[in-house]
Structure formats: C-alpha cells, structure tokens
Amino acid sequence: MTPAGEAILDRLVLDDRTSHLTIPLHADRIGQYLVLDLGWNGDKYLHATPKHLSAIGDKVWVQYDDTEESVVTDLMEAGIPRENIVLGFRHPKLGQHTGFAVA
C-alpha cells in the first residue's frame, strides 16, 4: 500500500453522536483513495465523500478535502514531503503560490 493510502485508510470510525460510518475506500492498482461518510446525522441522511486522493507518478494529489483537519497534515506526518503533494483542487495558475508541488 502506498503512503497516501496508509494516511487515510486507518480512519474507519463509527461516530456514536451522529450514527454515521466513515469508510475509507481504495483502489491501489489505479492509485485512488476516498473516504465515504454514510449514515444518519440526526434526521438527515448523510452520503458524502469528504476526501479524495490520487497517487500520480511520485506525487500525491489531494483532489478534494472537505474536512476540518486537513489530509495534507496526515500526509506530511506519514513522511510525504511538501514537494510531493499537489493540491489538485487549486487552479493550476495558483499552484506555484501554495508552497506545495505543482502539476
């Protein structure tokens, strides 16, 4: 498993406060990693994908991150340097100003 996958796949949690399950999904062969939130938050049904990462070449692309705790922090704590992390959700023109890798 890639470091990107390891950084998110340890997140299987049932939250008793909201009765929803956080499910890490991965397709190592094609380098795709997602987190799926599924269940109930009170009376509201929850079905969301708050994180999406891609392993492309020697870089980890953060395609989407809708979490309070940034997945970028998890990646760097897992030993992935900033130079190997691309913020894919940022427009390419802004990539050079993020402090992370560019496409």
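Keep in mind that this is a model prediction, so the values were computed, not measured.
The two residues Tyr33 and Ala55 make their nearest non-hydrogen contact at CE1-CB, 4.3 Å. Nearest approach of Asp65 to Val72, heavy atoms of both residues: OD2-N, 4.5 Å. Nearest heavy atoms, Thr98 versus Arg90: CG2-CG, 4.3 Å. The two residues Thr22 and Pro24 have their closest heavy-atom pair at O-CD, 3.7 Å.
Considering only residues two or more places apart in sequence or on other chains, Asn84 meets the side-chain hydrogen bond (donor to acceptor under 3.5 Å, both in side chains) condition with none of them. Listed by chain and residue number, nothing satisfies the side-chain hydrogen bond (donor to acceptor under 3.5 Å, both in side chains) test with Thr49 (two or more places apart in sequence, or in another chain). By the side-chain hydrogen bond (donor to acceptor under 3.5 Å, both in side chains) test, Gln32 pairs with His52, Ser54, sequence neighbours left out. Residues forming a side-chain contact (heavy atoms from CB on, under 4.5 Å) with Glu77 (at least two apart in sequence, or on another chain): Thr73, Asp74.
Side-chain contact between Phe100 and Met76 is present, with heavy atoms from C-beta onward closer than 4.5 Å. The shortest distance between side-chain heavy atoms of His47 and Leu36 falls below 4.5 Å. At least one side-chain heavy atom of Gln63 sits less than 4.5 Å from a side-chain heavy atom of Ile56.
Hydrophobic clustering keeps Val62 apart from Ile30 (ILVMFWY residues linked when any side-chain heavy atoms are closer than 4.5 Å, directly or through intermediates). Under a hydrophobic-cluster definition in which Ile, Leu, Val, Met, Phe, Trp and Tyr are linked whenever side-chain heavy atoms come within less than 4.5 Å, directly or via other members, Leu87 and Leu53 are assigned to the same cluster.
Within the structure, ring-ring contact (aromatic ring centres under 6.0 Å, His included) contacts touching residues 61-91 (residues at least two apart or in different chains) do not occur.
If you take CD on Glu83 and CD1 on Ile80, they are separated by 12.0 Å, rounding to the nearest 0.5 Å. Here the straight-line distance linking atom CG of Leu21 with atom CG of Leu38 works out to 7.0 Å at 0.5 Å rounding.
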